[in-house]
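Please read the structure below before turning to the comments.
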Amino acid sequence: MTDSDYMARALGLAARGKGYTSPNPCVGALVVKDDQIIGQGFHSKAGGPHAEVVAINDAAARHPEKLADSTIYVTLEPCNHFGKTPPCTHKILNAGICRVVVACKDPNPVARGGIEFLRENGLEVVSGVMEQTGLTLIEDFVWNVQNDTTPFVTLKCAATLDGYIATKTGDSQWITSQASRNFGHELRHQNDAILIGSGTLHGDDPSLTARIEGKQTRDPARIILDTRLTIRENAKVVVQKSTAPTIIVTGPDGDSAKIRRLQEKGVQVLECPVFENLLDLNDLMIRLRKLSITSLLVEGGGRVAASALAAGIVNKICYFLAPKILGGNDGIPVFSGAGPKKIKDVFELARVTTRKFGSDMLLTGYIEQQNRLGNGGR
């Protein structure tokens with residue numbers, strides 16, 4: 001097997017930690033000797049042992065005689081500082097490993113330096129193996145290291161081929177397949193928080209939890225845009241049991257008595273500025289980041305989706321297309337509101353990939369920085 005083959009396995013291990021490690025990145029590691037995997041592991045939770053430590057300990061327990069002069073494959077540059085745990089570089093040195101293969105360098109200036117340290121101590125270090133895949137896996141972490149004022153925002157959409165999320169009566173169950181909906185719950189699990197508008201709240205009364213059969217999941221914080229504080233006090237997001245908080249975002253003129261009642265039920269209420277009857281999403285992103293929310297999934301209806309794009313807060317779009325056609329022009333569109341007058345002003349996605357879920361197609365792309373200008377839209 002090649003370095004890329006082993007790194008692909010390490011990346012698969014790292015992905016198993018996605019959703020559990022925030023605000024840390026998910027990382028995987030393999031220890032290999034004589035073309036045999038003798039140890040493996042991944043970072044499973046913030047504050048827990050790093051992937052390299054788990055993999056080396058696994059090799060030491062199962063194949064102690066093979067650990068010396070082995071190779072370790074790590075999806076992220078081994079840390080070289082004392083944090084909640086000792087440096088992984090020291091663990092690698094003390095294990096007698098002679099070769100280190102890394103997918104991507106650590107973007108965190110506090111933790112980086114592991115590659116240079118290991119080389120200075122006589123180890124062979126190969127960096128950049130499946131680098132883009134490794135960076136994509138931890139894209140929210142990379143964003144937050146480089147932009148520590150706002151979370152990494154993913155906008156999820158699901159529509160018919162002619163661009164509708166529901167019929168004119170609001171019926172939307174189910175446009176996409178079960179496989180697509182399962183992946184939607186995986187996205188919820190992977191993100192710190194999920195955001196919807198009051199229209200979706202009143203229409204669907206959603207739980208906004210992450211439910212994946214056979215997997216223990218982490219619920220995202222539930223964020224509801226509710227300018228006029230119209231939420232029912234017995235809504236599921238208010239009364240259901242969950243370890244994640246519910247956050248209602250409202251305007252400055254909310255009913256103070258209702259706010260107190262919601263707070264007594266454990267709901268957090270944030271008051272944000274309002275512009276042209278819509279909440280200021282840019283202001284909200286800053287507030288959410290201060291609440292340690294580093295990744296956000298937007299699942300709102302057409303108005304929220306359009307507002308998120310207009311405000312320039314979206315980094316990534318996951319767009320599900322179902323092979324269904326409404327066949328009219330009276331449905332509820334994916335994006336609601338006025339768009340640009342010229343094609344040169346549209347949002348263009350970069351680094352586009354596609355993937356099938358059942359009969360559906362998932363198109364994933366990124367809005368590059370120059371297109372994330374925003375117009376103050378709320």
Side-chain angles (χ1 to χ4, degrees), residues 22-23 140 143-144 147-156 188 191-206 208 219-233 235-238 242 244-317 335-338 347 367 372-378:
S22 179
D140 50 346
W143 169 264
N144 280 279
N147 307 269
D148 63 355
T149 57
T150 61
F152 182 88
V153 178
T154 300
L155 173 62
K156 182 178 82 70
R188 291 182 179 185
N191 282 269
D192 289 342
I194 181 173
L195 180 147
I196 65 167
S198 56
T200 300
L201 177 74
H202 296 314
D204 300 340
D205 191 22
L208 301 183
D219 286 342
R222 295 167 291 278
I223 301 168
I224 317 298
L225 303 181
D226 192 1
T227 308
R228 285 169 283 281
L229 201 63
T230 57
I231 186 171
R232 296 186 298 273
E233 294 177 45
K236 287 181 182 177
V237 294
V238 174
S242 174
T246 292
I247 302 171
I248 306 297
V249 186
T250 191
D253 300 322
D255 182 339
S256 58
K258 187 173 184 180
I259 289 175
R260 284 195 301 272
R261 291 195 301 271
L262 288 168
Q263 290 172 334
E264 289 170 357
K265 294 175 181 286
V267 174
Q268 298 179 36
V269 179
L270 290 181
E271 292 185 4
C272 281
V274 174
F275 179 78
E276 295 182 353
N277 296 318
L278 295 176
L279 292 160
D280 188 328
L281 296 183
N282 288 283
D283 180 82
L284 176 59
M285 294 304 105
I286 295 171
R287 291 170 184 252
L288 294 181
R289 187 63 183 84
K290 290 179 179 178
L291 293 176
S292 299
I293 292 173
T294 62
S295 57
L296 175 68
L297 178 67
V298 177
E299 266 197 17
R303 189 178 183 185
V304 169
S307 294
L309 280 178
I313 67 169
V314 178
N315 299 86
K316 178 180 180 179
I317 293 182
F335 300 102
S336 179
F347 292 94
I367 298 180
R372 298 182 67 253
L373 300 178
N375 58 9
R378 278 76 171 174

Check for a donor-acceptor pair, side chain of [X] on one end and backbone N or O of [Y] on the other, with a separation under 3.5 Å.
X      : Y      : answer
Asp140 : Ser295 : no
Arg303 : Gly337 : no
Asp280 : Phe275 : no
Arg232 : Val238 : no

Which atom names give the shortest non-hydrogen contact between [X] and [Y], and what distance separates them?
X      : Y      : answer
Pro252 : Val274 : CD-CG2, 3.9 Å
Ala306 : Ser336 : CB-O, 3.3 Å
Thr250 : Asp226 : OG1-O, 2.9 Å

What distance do [X] atom [atom1] and [Y] atom [atom2] have between them, rounded to the nearest 0.5 Å?
X      : Y      : atom1 : atom2 : value
Gln263 : Arg260 : CD    : CZ    : 8.5 Å
Arg228 : Asp255 : CZ    : CG    : 14.5 Å
Thr154 : Arg188 : OG1   : CZ    : 14.0 Å

Is [Y] close to [X] at the side-chain level, that is, under 4.5 Å between some pair of heavy atoms?
X      : Y      : result
Glu299 : Pro206 : no
Ile248 : Gln268 : no
Ile223 : Ile293 : yes
Pro151 : Asp192 : no
Leu155 : Phe335 : yes
Asn147 : Phe152 : no
Leu262 : Leu229 : yes
Leu278 : Leu225 : no

- Charged N to carboxylate O under 4.0 angstrom, Arg261 versus Glu233?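 Salt bridge flag = yes for Glu233 with Arg261.
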
- Task: Go through the steps for Thr150 and Ile286 under the test side chain to side chain contact (heavy atoms under 4.5 Å, CB included), then give the verdict.
- Result: CA-CA 5 Å; Thr150 61; Ile286 295 171; 4.3 Å; yes

- Task: In sequence, state the C-alpha distance, the side-chain angles, and the governing distance for Asn277 and Thr227, and then conclude on side chain to side chain contact (heavy atoms under 4.5 Å, CB included).
- Result: CA-CA 8 Å; Asn277 296 318; Thr227 308; over 6 Å; no

- Query: Could you go step by step and tell me if Ile224 and Ile196 meet the side chain to side chain contact (heavy atoms under 4.5 Å, CB included) rule?
  - Reply: CA-CA 5 Å; Ile224 317 298; Ile196 65 167; 3.6 Å; yes

- Task: Pick out which of Leu279, Val249, Ile247, Ile313 makes a side chain to side chain contact (heavy atoms under 4.5 Å, CB included) with Leu284.
- Result: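 For Leu284, the side chain to side chain contact (heavy atoms under 4.5 Å, CB included) check succeeds only for Val249.
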
- Message: Using the rule side chain to side chain contact (heavy atoms under 4.5 Å, CB included), only one of Asp219, Thr246, Leu195, Val237 pairs with Leu208; which is it?
- Response: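 Of the listed residues Asp219, Thr246, Leu195, Val237, the side chain to side chain contact (heavy atoms under 4.5 Å, CB included) partner of Leu208 is Val237.
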
- Task: Verify side chain to side chain contact (heavy atoms under 4.5 Å, CB included) between Leu309 and Ile317, making sure each step is shown before the conclusion.
- Result: CA-CA 10 Å; Leu309 280 178; Ile317 293 182; 4.1 Å; yes

- Message: Side chains of Asp204 and Thr200: any donor to acceptor distance under 3.5 Å?
- Response: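 Asp204 and Thr200 do not have a side-chain donor-acceptor pair below 3.5 Å.
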
